[in-house]
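All heavy atoms count here, side chains included; hydrogens, waters and symmetry mates do not. Here is how names work: the chains are called A, B, and so on, in the same order as the sequence lines, proteins then strands, and each is numbered from 1.
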Amino acid sequence: MRRSKAFIPTTKEAPSDATLPSHIFLSRAGFITQVAAGLYNYLPLAKRVIKKIENIINEEMTKVGAQEVELSFVTPAELWQESGRIEKFGKELLRFHDRKNNLFVLGPTHEEMMVDVVRNRVTSYKNLPLNLYQIKTKFRDEARPRFGLMRGREFIMQDAYSFHATTEDLDREFDAMEAAYKKILTRMGLDFRVVEADSGAIGGNGSKELMVLAESGEDTIAVCSKCEYGANIEAASRSKRSNIPEAPEASFNKFKTPDVKTIDELAEFFKIDPYYTVKCVAKKVVYEDASEIVLFFVRGCDNLQEVKALNATEALDVVDVTEEELKETGLVPGFIGPLDQDKAKHVIDSDLKNATNLICGANEADYHFIGVDLSVLSDVAYFADIAEVNEGDICPHCEKGTLSFTKGIEVGHIFKLGTTYSKALKAEFLDENGKAQLFIMGTYGMGVSRLVAAVIEQHHDEYGCIWTKATAPYMVNIMISNIKDEAQVQAGEELYRQLQDANVEVILDDRKERFGFKMKDAELIGFPYTIVIGKELQNGHVQIFDRATKEKTDIKSEDIFDKIMELI
RNA sequence: CGGGGUGUAGCUCAGUAUGGUUAGAGUACCUGGUUUGGGACCAGGGGGCCGAAGGUUCGAGUCCUUUCACCCCGACCA
């Protein structure tokens, strides 16, 4: 491609509403333009990057035996009614009527459609397993799209769905897909972690997220210092503590603690470690047709993890509760404890099971219990893992390393679905015994357009994009420094032809612009290599500019072709 | 969906408190010339329903009402 003919509208200034590097640079470098909130146009450079990512995905999917399909973007609402997700997705589903007044939905994900494709077509265990995938535009009418390609309403996703006769076979496929996704990200040149994720309301027993590590990531993940363990903070767990502070031995008693309401005040009052206090977090838990106040108890040194709280109560939502609502129930904010109190349902963190030497609220203003032994509740109360892990906690996997937090961009999610959808949509096959069985399913997704942004979030500097070799829109940019210099033009054109003949993705900057202008442009776009054909040509040299290192290397002009072929 | 902010040239923004010539700058674009190793310079030029609708007024980018869009914080995000 000749730069003089290419549609790459670069700008010096970023759109004022762009905040993330990927958004700023993809806009400035002429990859994308915004259409409306969460809607973007992909210009030629972005389209090339997307195709590269899609090719890598296609190759790796083929290797694991997944077959590509393409399902209709517009999906009949009946399917969503059948699965019950028309309510669950709510306003995120973009709905509309056709001329015959039938209701349709723009596909936000395609479990229903895929099950519909397979049911009654695959009817025997002999035809299992089956893994079908597509790479397609999705639409989710998010309440607040943001961050450019990172969280658009319309986005490109690769989504795969596997069908199995047994859970063992699903496990095998799940592992194979995890390996394939890791391969894809590795090939793309990304630094990432596979982390354990919250399974969410959908249930199932296996869910992992693929996180590209980047400062701007929206997810917090806990990673181990010693082993491969990583988990989304929503799902992270920890090993029992080893360095437990000295216990404040005391016999059970009610103690006057005037105006001591917070954990800090309590720890200060008794001069003890917050580890031995019991924190109460009151929440309103919302179910389909009701809501109630639930008291969550964790150690004073811990915090409630709301997603875990949600899962523990199997509720639709967990929301804050006001002090007034608490008082109406007869609870005493600041002095709520798990003993002798039946005004609201309790959930107690499993770390408190059989815990001793505790101090907790006495459910009476200005009083706390001391010397509390919670083992009295071990058979009657509901215990669950509801505490958020802290940095420095011991890894639950290797039990040696400590956990630290880092930020990640969720670019992939793999999920053992089980029979959730086959059951809802009555999709069955006949097993060896001629007995009808529900398909056991897995679902796997990778955000293609989000990956474009993720590459830049991880690979950029103050001057612009730094594409990895596998994702670059063009591998080599040949820059003719002075377009009026015949020799430079000739050398540039010749190299351009040579590289084209060698099937190298090459762009020739033949514009009538000055050196600095073209250099800044190349840095902004982020071609891995720019070949500068300039002043040194009269001494028989050209230069290779490496975008990632910003190093310029002189090369004899006659060696340049070989050198490039060696580099790429 | 709650709270806040912004809409003026392709882009980034002044101008709006106190209404008053033909609405500005930088950048980008076009023409000519000079320049050619880090976003050049000179000269000339094109480009605007001041988000939309309604109102007040002799007169509205500016005041009033309504509305739409976009952005930020939060909630939300199988």
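- Contacts of A:E513 with the nucleic acid, taken as non-hydrogen atoms under 4.0 Å apart, include base atoms.
- Rounded to an integer number of Å, the gap from CD of A:E234 to P of B:C76 is 10 Å.
- Under a 3.5 Å cut-off, the side chain of A:S291 and the backbone N or O of A:V285 do not form any donor-acceptor pair.
- Distance CD1 (A:I86) to C1' (B:A78): 15 Å, rounded to an integer number of Å.
- Here B:C70 presents its C1' atom at 10 Å from OH of A:Y40, a figure rounded to the nearest Å.
- Looking only at side-chain heavy atoms (C-beta outward), A:L190 and A:L451 come within less than 4.5 Å of each other.
- Under a cutoff of 6.0 Å and an axis angle of 45°, A:K416 and A:F174 form a cation-pi pair.
- Here B:C49 is in the syn range [glycosidic angle within 90° of 0].
- Relative to the ring axis of A:F139, A:R153 does not place its NZ or CZ within 45° and under 6.0 Å from the centre.
- One N or O donor and one acceptor, one from the side chain of A:R151 and one from the base of B:C77, sit under 3.5 Å apart.
- Nucleotide B:C11 holds its P atom 17 Å from the CD1 atom of A:I24, rounded to whole Å.
- Residue contacts for A:A37: at a heavy-atom cut-off of 4.0 Å it reaches the sugar-phosphate backbone alone, with no base atom in range.
- Taking the six-membered ring wherever Trp is involved, the centroid distance between the rings of A:F31 and A:W467 falls below 6.0 Å.
- The nearest heavy atom of RNA chain B to A:T19 and to A:T11 marks one nucleotide each, and the one closer to the 5' end goes with A:T11.
- Taking atom CD on A:E142 and atom C1' on B:G74, their separation rounds to 15 Å, with Å as the unit.
- One P atom belongs to B:G54, the other to B:G10, and the distance between them is 23 Å to the nearest Å.
- One finds a salt bridge joining A:D521 and A:R3 here, because a Lys/Arg side-chain nitrogen approaches an Asp/Glu carboxylate oxygen to under 4.0 Å.
- Remark: A:K512 is not in phosphate contact with B:U36, judged by side-chain N or O atoms under 4.0 Å from OP1 or OP2.
- Closest to the side chain of A:M157, from the set B:A78, B:U36, B:C73, is B:A78.
- Base-pairing analysis of RNA chain B finds the following stems of at least three consecutive Watson-Crick or G-U pairs, with both pairing distances under 3.5 Å: B:1-7 with B:68-74, B:10-13 with B:24-27, B:29-34 with B:40-45, B:51-55 with B:63-67.
- When heavy atoms are screened at a 4.0 angstrom cut-off, A:D521 is found touching base atoms of the nucleic acid.
- Backbone-only engagement by A:Q34 is indicated by non-hydrogen atom pairs under 4.0 Å involving sugar-phosphate atoms exclusively.
- Closest contact between the side chain of A:R146 and the listed nucleotides B:A78, B:C73, B:C70 involves B:C73.
- Nearest to the side-chain atoms of A:K535 among the listed nucleotides B:G74, B:G39, B:G37 stands B:G37.
- A:K308 contributes a side-chain N or O that, together with a main-chain N or O of A:A236, makes up a donor-acceptor pair within less than 3.5 Å.
- Here A:F515 packs flat against the base of B:G37; its ring centre is closer than 5.5 angstrom to the base's six-membered ring, tilted by less than 30 degrees.
- The OH atom of A:Y161 sits 14 Å away from the P atom of B:A78 (whole-angstrom rounding).
- Checked by distance alone, A:R144 brings no side-chain donor or acceptor within 3.5 Å of a matching partner on the base of B:G3.
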- Query: Could you go step by step and tell me if A:K283 and A:E306 meet the salt bridge (charged side-chain N to carboxylate O under 4.0 Å, His left out) rule?
  - Reply: CA-CA 9 Å; A:K283 291 279 174 185; A:E306 286 203 24; 2.9 Å; yes

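- Looking at heavy-atom distances under 4.0 Å, A:I483 makes no contact with the nucleic acid at all.
- Considering every non-hydrogen atom in both A:F96 and A:L106, the closest pair reads CE2-CG, 3.7 Å.
- No donor-acceptor contact under 3.5 angstrom links the side chains of A:E196 and A:N232, judged on distance only.
- Per the geometry, CG belonging to A:N539 stands 14 Å off C1' belonging to B:G37, to the nearest Å.
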- Task: For salt bridge (charged side-chain N to carboxylate O under 4.0 Å, His left out), just list the numbers for A:R547 and A:D461, CA-CA rounded to whole Å, side-chain angles, deciding distance to a tenth of an Å, and then say yes or no.
- Result: CA-CA 10 Å; A:R547 178 63 185 89; A:D461 60 16; 2.7 Å; yes

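- Under a cutoff of 6.0 Å and an axis angle of 45°, A:K550 and A:Y463 form a cation-pi pair.
- With hydrogens and angles left out, the side chain of A:K484 and the base of B:U36 share a donor-acceptor pair within 3.5 Å.
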Show the distances under 3.5 angstrom between N or O atoms of the protein and N or O atoms of nucleotides 42-45 of chain B.
none

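- A donor and an acceptor atom, one from each side chain of A:Q134 and A:D159, are located under 3.5 Å apart.
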Tabulated below should be each protein N or O lying under 3.5 Å from an N or O of nucleotides 12-14 of chain B; please produce it.
from, atom 1, to, atom 2, distance (Å)
B:U12, OP1, A:S16, N, 3.1
B:U12, O4', A:E13, OE1, 3.4
B:U12, O2', A:E13, OE2, 3.1
B:C13, OP2, A:S16, OG, 3.3

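- B:A28 and B:G45: their C1' atoms are spaced 14 Å apart (whole Å).
- In this structure, of B:G38, B:A78, B:A75, it is B:A78 that holds the atom nearest to the side chain of A:R140.
- The nearest whole Å value for the distance from the CZ atom in A:R153 to the C1' atom in B:C71 is 13 Å.
- Base contact: A:K552 has a heavy atom under 4.0 Å from a base atom.
- The aromatic rings of A:F25 and A:H460 sit tilted, their planes meeting at an angle between 30° and 60°.
- Applying the 90° cutoff around 0 to the glycosidic angle, B:A52 is assigned anti.
- A:R511 comes within contact range of no nucleotide atom at all, as no heavy-atom separation falls under 4.0 Å.
- For the C1' atoms, the distance linking B:U21 with B:G61 amounts to 15 Å, nearest Å.
- Among the protein residues, A:K518 comes within range of no part of the nucleic acid, since none of its heavy atoms lies under 4.0 Å from any strand.
- Residue contacts shown for A:Q543 include a base, since a base heavy atom lies under 4.0 Å away.
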